[in-house]
Amino acid sequence: MLQRPRNRRRIRWWPVIIAALIVAVVLLNLQPIDAPRDLTARLTVPVQRLLRQLGNQVRGATDVVGDATSLVERNAELEKQLAQLTVENLRLKETEAENVRLRNLLQFRDTNPNFTYKGGQIVGRVVASEPTNLVQSILIDIGAKNGIEPGMPVVTELGLVGRVTAVYSNAARVLLITDSASSVNTMLQNSRLRGMVRGRTGQRPIMDYLPQDQPILVGDIVLTSGEGGNFPVGIPVGQIIEVEQNDVEMFQRAVVRTTVNFDTLETVLVVTNFVAPAETLDVPTPLPTPAP
Amino acid sequence: MMPYLLFLALGLASLLQIALFPALRIGGVYPNLVLVMVVAWALLRGVRSALIWAVIAGAWLDLLSGGWFGVYTLGLMAVAALAGLGRRTVYRPTLLLAWAMLAIATTLQNGIQVALLWLNGASPLLNQAFLRLTPREILYNGLVMLLAYPVLTWIERKTGHERLPLE
């Protein structure tokens with residue numbers, strides 16, 4: 001008597017799993033299904049933008065609370081006042097911080113007049129990341145209707161962020177230079193040695209293929225070399241913080257601290273008129289301070 | 001629970017995971033809310049119900065992400081099946097069991113994702129990322145489980161006698 005319902009249940013749910021597995025495996029072999037993703041992005045990007053802003057505010061508030069905790073040890077009353085003011089001024093601080101970022105972006109634009117930028121109309125906001133920590137890419141709230149196309153370089157006033165890999169009508173996906181699938185042709189500012197910066201998810205990127213017989217100095221600035229035609233020449237990428245040299249290997253490598261802090265990235269610029277130059281030129285670029 | 005409500009709730013959880021949680025990253029890692037929910041639900045309600053959650057939430061994540069379609073659905077389905085098996089080994093699920101299952105599930109899901117991405121031509125450097133990030137992710141997911149488990153326990157009690165159409 002008891003066997004029947006058990007069998008019936010098995011018959012009801014195992015086909016669902018098998019069917020889902022088959023569908024998933026089939027879909028894995030099809031390249032990106034752009035239409036449903038475009039529709040999903042169109043419907044959800046406004047919600048994502050709100051949630052991201054909320055997340056940024058929570059992060060900001062947590063930082064401020066952390067500061068306030070240290071103040072408590074010195075003055076309890078002062079901390080109470082600070083907490084109250086923090087809550088009251090949270091929105092204002094957020095606006096002020098955004099103003100500073102936008103001003104910096106405009107300053108970067110003024111010092112690099114060769115490029116044109118698209119976004120907000122000009123600036124794109126980061127609205128989402130990948131669901132997993134293993135893939136380093138972001139979604140920005142500007143897309144095809146703003147003139148964004150796959151392959152366009154993405155920067156901030158501090159340096160290189162990544163490259164547009166997928167474009168929807170109102171959003172675009174950007175592969176960060178820290179992703180393990182990312183590689184950027186670069187050069188050292190002082191020695192002009194060429195190499196390739198490769199992303200390592202969960203670790204700092206590494207500059208590879210540096211010749212063994214050349215000295216690499218900690219503190220050297222890494223710039224895009226423009227080779228390969230994916231990125232404009234002279235965009236800051238980071239700074240060498242460690243050199244890995246092994247005599248049995250053909251090349252030496254160096255760990256790079258990126259100038260952009262990807263943990264707190266909120267706004268970006270997309271270079272929309274970049275065309276790969278016929279010949280690579282060395283263009284001096286104002287150097288920002290690397291991220292801590 | 002009404003099917004459309006479940007669809008919307010898991011959609012919201014997926015949106016929280018990709019939009020809000022990455023802003024709260026600690027040590028380069030943010031928690032996997034959907035994974036935590038599927039593991040907890042598998043322990044509370046069993047494998048069949050958790051598989052439905054895994055398929056719906058996985059489809060949401062696959063639509064919202066930029067990689068190969070099906071990677072998240074497959075990973076979550078495997079996690080739901082595993083956690084459902086864990087439930088059968090005990091008389092009553094506890095938070096401690098939830099943590100243990102979560103650690104295994106986080107490792108399993110990341111492993112599946114790395115394997116699928118690797119099969120599709122991802123960099124071998126991804127393996128290093130898996131080894132470095134997974135322990136941190138287990139810790140952070142454990143913190144989220146601390147908050148999510150009581151909430152899902154309450155929902156399970158409230159909807160204890162209801163069944164989803166596919167259950």
Side-chain angles (χ1 to χ4, degrees), chain A residues 9 12-13 16-17 20-21 23-33 36-37 39-41 44 47-59 62 126-135 137-139 165-166 173 175 179-183 198-203 262-264 266, chain B residues 11-12 14-25 28-30 32 34 47-48 51-52 54-55 58 60-75 77 81 109-110 113-114 116-117 119-134 136-137 166-167:
Chain A
R9 279 178 197 166
R12 286 169 71 182
W13 68 277
V16 176
I17 300 170
L21 278 171
V23 169
V25 169
V26 169
L27 288 174
L28 270 172
N29 292 313
L30 299 175
Q31 242 317 348
I33 44 166
R37 279 185 171 152
L39 180 66
T40 312
T44 60
V47 182
Q48 291 180 46
R49 192 184 298 127
L50 281 174
L51 289 172
R52 189 62 166 222
Q53 280 172 0
L54 181 67
N56 291 337
Q57 285 183 355
V58 171
R59 191 184 61 217
T62 321
V126 179
V127 293
S129 304
E130 281 289 310
T132 173
N133 289 295
L134 295 167
V135 181
S137 86
I138 54 171
L139 192 73
T165 52
R173 199 164 293 282
L175 184 74
D179 187 88
S180 57
S182 167
S183 54
R198 296 197 293 159
R200 299 186 299 173
T201 307
Q203 295 178 82
F262 291 95
D263 284 353
T264 56
E266 290 183 31
Chain B
L12 180 63
S14 304
L15 285 171
L16 285 172
Q17 186 177 320
I18 63 157
L20 189 139
F21 278 50
L24 307 175
R25 71 178 75 206
V29 169
Y30 47 90
N32 194 329
V34 172
V47 67
R48 278 177 294 161
L51 277 171
I52 294 165
V55 170
W60 267 110
L61 291 178
D62 280 318
L63 280 172
L64 291 166
S65 70
W68 291 89
F69 196 90
V71 167
Y72 296 105
T73 308
L74 274 178
M77 284 175 71
Q109 200 200 29
N110 282 355
Q113 281 174 2
V114 166
L116 289 173
L117 291 168
L119 281 174
N120 285 303
S123 165
L125 292 171
L126 203 61
N127 300 334
Q128 293 174 22
F130 167 72
L131 293 173
R132 294 182 70 90
L133 291 177
T134 303
R136 282 184 254 167
E137 205 174 325
L166 291 171
E167 277 191 83

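To find a chain, count down the sequence lines: A is the first, B the second, and so on, and within it residues start at 1. No hydrogens, no waters, no symmetry mates; every other heavy atom, side chains included, goes into these values.
- Heavy atoms closer than 4.5 Å to chain A are found nowhere in L131(B), neither backbone nor side chain.
- For N32(B), the part lying under 4.5 angstrom from a heavy atom of chain A is the side chain only.
- When heavy atoms are compared at a cutoff of 4.5 Å, F130(B) approaches chain A by way of both its backbone and its side chain.
- Contact detail for E130(A) and S65(B): the closest heavy-atom pair is OE1-CB, 3.4 Å.
- Counting heavy-atom pairs closer than 4.5 Å to chain B, the top residue among G55(A), S183(A), P131(A) is P131(A).
- Interface check for chain B: of the options V47(A), T40(A), L134(A), T201(A), the most heavy-atom pairs under 4.5 Å are formed by L134(A).
- How far CG of N110(B) is from CG of N133(A): 7.5 Å, rounded to the nearest 0.5 Å.
- The heavy-atom pair separating L24(B) from V58(A) by the smallest distance is CD2-CG1, 3.7 Å.
- Closest approach of R52(A) and I18(B) over heavy atoms only: NH1-O, 3.7 Å.
- Closest approach of P36(A) and L63(B) over heavy atoms only: CB-CD2, 3.7 Å.
- Listed options S129(A), A41(A), A128(A) were ranked by heavy-atom pairs under 4.5 angstrom with chain B; first place goes to S129(A).
- Considering CD of Q48(A) and CG of L16(B), their distance stands at 10.5 Å, rounded to 0.5 Å.
- With hydrogens and angles ignored, the 3.5 Å screen pairs no side-chain donor or acceptor of R49(A) with any backbone N or O of A19(B).
- If you measure heavy-atom distances from V127(A) to chain B, the contacts under 4.5 Å come from the backbone alone.
- Heavy-atom distances place the side chain of L133(B), and not its backbone, under 4.5 Å from chain A.
- Atom CG of L20(B) is separated from atom CG of L50(A) by 11.0 Å, given to the nearest 0.5 angstrom.
- Heavy atoms closer than 4.5 Å to chain B are found in both the backbone and the side chain of T132(A).
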